[in-house]
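First comes the structure, then the notes that go with it.
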Amino acid sequence: MTAETRGSRARQIAAQAVELTKVYGSGESAVRALDGVTIDLYAGQFTAVMGPSGSGKSTLMHCMAALDKPTSGHALINDTELASLRDNALTQLRREQVGFVFQAFNLVPSLTAEENICLPLSLSGKKPDPQWFDQVIDSVGLRDRLKHRPSQLSGGQQQRVACARALMSKPAIVFADEPTGNLDSTSGAEVLGFLRRSVDEFGQTVVMVTHDAVAASYCDRVVFMADGRLVDETVNPTRESVLQHMSELQEAAMNAPAVGQAGA
Amino acid sequence: MLRVTLRNLLQHKLRLVMSTLAIVLGVGFLSGVLVFSHGLQSTFDNIIKGSTPEVTIRPVGSSANTGFSVSNATIGRDSLDKLAALPQVDQAHGVVNGIGMALLTKKGRVLGGQGAPTLAFNYTDTRNMLGTQTLEITEGTYPKRMGEVLIDASSAKRAGYEVGDKVSMVSPYGEMHREAKLVGVATFSGGGTAGATLLFFDTKQAQEIFLGGRDVFTQIALNGKPGVSQKELAAIAKPVLPAGFEAATADKLVKESQSQVNQFLGIISTFLLVFALIAVLVGGFIIVNTFSILVAQRVRELALLRALGARRSQVTRMVLIEAFVMSVLASGMGIALGWVLAIGLAKAFTSFGLTIATDSLAITGQSIAISMGVGVVVTVLAAFVPARRASRVPPVAAMQGDAPGRPVTLGRRTLYGAFFLVVGAAVAAYGVVGAPGNDAAWIGAGAFIWIITVAVISPVIGKPVLLACRGIFAVLFGMPGRLAGNNALRDPRRTGATASALMIGLALVSTIGVMAASMNKSIEDVVDKTFQADFIVQSPSFSSFPVALADMMRKEPGVAVLSQQQSVPVKINGKRAYASANDENFYKINKLDMIAGTDNLSGKQVLLGNGQAKDLGVGVGDEVTLKFDSRAPLQATVAGIFDEQTAVTSSVTVPFDVFAAAGISRQDTALNINLADGVNKADVRSQLEKILKPIPIVPLQDRAEFSKSIRGQVDQLLYIIYGLLALAIVIAVIGIINTLGLSVLERTREIGLLRAVGLSRARLRLMVALESVTIAVLGAALGLGLGLIFGALLRYAMRDQLRSLALPLSQLVVFLGIAVLVGLIAAVIPAIRASRMKVLDAIASE
């Protein structure tokens, strides 16, 4: 893929958040995890959402991925308003339009790697396209591990199985929540490399929540969050540029006396 | 996180409550049975004490209950006058009592049917041994002249009669259909009547009904003047008694009655207790499971304790103390529940007419001790295995992130299991090939070993069933089916233990099913072979009816041969049995399968069934002693031996001469009727039924109806047993709910993941339900398999009575269906809980 095609896709929006607010609890103890976030996630891009713990990055992802309901505002996937869907429709949307990679516990222990990869498809009673299946399996390098159970796989292999599963239904968007959080750097690099390739070679849209600057450097675009708001953004990041942004944000937070509760 | 923790705690509490419930139900059943049988006993005690005067003059050798005897010995008015004249005697009343009456309801049906007896008396104002009146007239007055009757209030109400109504009755002697005016109703001062219907006439009427109108009595009731003891009174009365009569004190009568009643109540209590203990046993399985789960969940906590220096024995003790506390609480609740259950049972019995005074239901120290003891011992024993497992948790487990599930090693278990299966089979086989004692007891012991063993090795032998379920569900329901199958297979020990609780209930149910089907088939075969008459007239409760009936029917055109049969209890060489007297016509209709001797009886001769002869160790030509109730023993010679399986006569069969010699009042218990050739069966039937119409106690049946009515009785018993086993199944359901609840909880994150990647709520519920069904089907498969084996073995052990084996296949399919239903019911709560989990919570829970 060339930069040009990537650019033309960039105008197409895969998922969108408009004035998203999420409040946990009520009254005095209410916590505003999201405080009016508006963002467009472009198709064919690898976007990272960064921010310190408690900045609301995971909440943003959960709300955009139809895992959680926002208190107010809109979340759209492929121009579909999530709030308008009932549980069954949401389930179907998650199954067909969204891929997930979680930090841990990604796989059903009683199913083999192959069954896990095909799980969303088999839940809709579909068979994977064999060509696409082969392509994905070779890309994650799991061909010889397909009959293994999760307990027989290393952490990195498990995450790659999860990535393969996320891609198998050719979703509109893949949400990855700290996919490398539990991995050593080599395994982490493999997973990130695969996500990068899925964007470059298959045109997949990927959003990843992370607080690792190295992970963010694999992305096309990095958005920064603090206290439930989007505070900054950078494109074509490097590890250094990400760290630079982060330390600036840190300083800004220290200088703002009102906000002190966000931990590191 | 706190929220999740709290929720875990709450679910944990729910699980404790659920397993406590298993014990509460089991102990509740047990204690309910104990309280109820105690209540039954005191009801009977009160009946006895409330109706016995200080001294009773009765025929020698009669026993307390058979004051209503088949004997026709009487005592004259002269004796009564002599007794009344004694200075120490305050009250001397002639008593006339008799059985065989039936009260017809307003709609013309027999009241009570096959249950408790109808007892008839002459009314007197005799005090009982407690110094009170036996009857308390609640409405109207006592019968003063012919044509009047007083009925106990409960029977009057059930029969739909009010004071002043005309009451219809069937009498065993003389005029069969009788009517009398209801002049009063009374309650029995001793409390409930235990279902008996009591009819009171004036003395003259009673004599007319039962004694052919002679001014004589069956007994005399005596009460002494103040200061005269029972013993003194009896001693004083003795000299004036005619030969063949004795004076029995109230204390003696009460003792006699109690020993008889207790024997009968003992059978009922034992029967119920068996089912209560089965329920407790099933509860024990659930305790094993619950504590295993609790221990597994607390591995880290236990490991921490060990790391901090707790000894193994301390960890074991900790778990056992927990079980102990739980069992004490649960048993306490169970005892309270049992009391409620007993009251409910008493109310239910009362509504059937078996009045049991609820104030006689008391929780005795003994029943508390037994219930508590059983509850605690079973729970603590059941918790012992998990407690020992807890003590084996290595301290290092505290440091490990995820407690590594110990690889399930089932090899040793399988080996032991196979060994015990062989032991069980050997025990059962030993019983079948003629070990000493009861074959069925040996088979029962073998069955018990098998049940426990199969429960223990169910994870191994159940695997094919689990795999089959997974295969079928995967085909039928796709991924949710496959996941459900996987989940059931994931911890085969837990699945097996949960299924075992259901297995026990279903094993028993299908054992009983096989036995009942075999019994029905055997009855049908025997009836086909032995029912040689065109019609038989016989009451389902074998109560007797007047001979006049036979005389009337014999005259009916179309009737070719009619034979009469009377059956009464007898002691032959001291052994209890039934004796039938048959007229000559009997042998024209029925051919006995003679094994030895002849069936051509005369005088003091007797025919014995082959089983009876074997038990007594006598053969043709030997002398036997027959003792009918209160009469003097008779000697009779064995004339022949017949195959009792194919005979419609008792295993002791005599000519009517013997009954006459024994002084037994002539009545009939069965009539066999053959029709003349060429007559219209239906026409004759309707004529015969017209004769029977006023006395609906005895139906006219042809072969098919007869066989059906017996089958009906077998089925009735079958349903009672099924009903009693239902509790064991309810407890098993609790076990499944428990296990599923835990499975759902343990897989919170997995369920979250499945929901995230697109499993809908409905299909998630389906998944949980299918897991539940898998467990239930496993329990059913093991249970039905065992039940078939046990049933077939027991049938074989009783092959003398149950000649044919029948497997109730359609019933087994129904049981399997019930198991699936049970699985679905058990899944309701866990499935709803699983589907209500928020996807995010599930994934986020750490």
Side-chain angles (χ1 to χ4, degrees), chain A residues 22 24-25 33 58-59 61-63 65-70 86-112 115-127 149-151 158 162 165-166 168-169 171 174-175 177-178 182, chain B residues 1-3 401-402 404-405 407-408 466-467 470 473-492 495 743 746-767 771 774 835-846:
Chain A
K22 178 76 184 179
Y24 290 112
S58 286
T59 310
M61 197 193 88
H62 290 148
C63 287
L67 288 173
D68 202 358
K69 283 198 162 62
R86 299 186 51 124
D87 190 71
N88 274 341
L90 276 180
T91 301
Q92 196 185 351
L93 177 120
R94 280 200 299 266
R95 202 157 64 205
E96 290 166 3
Q97 305 278 338
V98 183
F100 289 101
V101 182
F102 300 108
Q103 179 175 5
F105 206 85
N106 258 308
L107 307 178
V108 178
S110 62
L111 298 179
T112 62
E115 286 169 330
N116 265 295
I117 291 171
C118 301
L119 187 57
L121 286 173
S122 26
L123 284 172
S124 1
K126 289 180 194 149
K127 288 249 178 314
R149 305 231 167 206
S151 58
Q158 289 186 26
R165 180 192 62 208
M168 196 49 65
S169 57
V174 170
F175 289 98
D177 189 0
E178 306 259 14
N182 278 0
Chain B
M1 207 78 290
L2 181 69
R3 201 167 46 152
D402 262 330
V408 187
L466 297 181
L467 290 173
R470 181 175 70 176
F473 292 161
V475 170
L476 289 179
F477 303 106
M479 194 36 94
R482 186 165 162 66
L483 287 168
N486 278 342
N487 290 341
L489 275 160
R490 199 176 297 182
D491 189 344
T495 305
S743 297
E746 277 182 349
R747 292 185 210 131
T748 301
R749 306 181 70 192
E750 188 180 328
I751 289 169
L753 173 69
L754 286 167
R755 290 278 289 128
V757 301
L759 184 70
S760 68
R761 280 207 171 111
R763 294 167 94 195
L764 171 59
R765 286 194 291 263
L766 177 69
M767 183 183 91
E771 184 181 350
T774 304
S835 73
R836 289 221 180 119
M837 272 181 196
K838 290 210 183 103
V839 177
L840 190 61
D841 284 7
I843 300 169
S845 87
E846 177 54 35

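Here is the naming used below: chain letters follow the sequence lines, and residue numbers restart at 1 for every chain.
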Can you name the residues that form a side chain to side chain contact (heavy atoms under 4.5 Å, CB included) with A:Asn182, not counting sequence neighbours? A:Gln103, A:Ala104

Tell me whether A:Arg165 contacts the main-chain N or O of B:Val757 through its side chain, where contact means a donor paired with an acceptor under 3.5 Å. no

Side chain from CB out, backbone as N, CA, C, O: work out which of these in B:Arg747 comes under 4.5 Å of a heavy atom of chain A, or both, or neither. neither

Side chain / backbone / both / neither for A:Leu90 at chain B, heavy atoms under 4.5 Å: neither

Please name the pair of heavy atoms, one in [X] and one in [Y], separated by the smallest distance, quoted to 0.1 Å.
{"X": "B:Ala756", "Y": "A:Phe100", "value": "O-CE1, 3.1 Å"}
{"X": "A:Leu111", "Y": "B:Asn486", "value": "CD2-ND2, 3.2 Å"}
{"X": "B:Arg763", "Y": "A:Arg95", "value": "NH1-NH1, 3.7 Å"}

Which of the residues B:Ser760, B:Pro480, B:Gly478 is involved in the greatest number of heavy-atom pairs with chain A at under 4.5 angstrom? B:Ser760

Quick one: salt bridge (Lys or Arg N to Asp or Glu O under 4.0 Å) partners of B:Arg765, sequence neighbours excluded? none

Is any side-chain heavy atom of B:Leu483 closer than 4.5 Å to one of A:Glu115? no

Using side-chain heavy atoms (C-beta onward) and a distance below 4.5 Å, is A:Pro109 in contact with B:Arg490? yes

One should read off an interatomic distance between B:Glu750 CD and A:Ser110 OG, to the nearest 0.5 angstrom, of 5.5 Å

Rounded to the nearest 0.5 Å, what separation is found between the OG1 atom of A:Thr91 and the CZ atom of B:Arg755? 4.5 Å

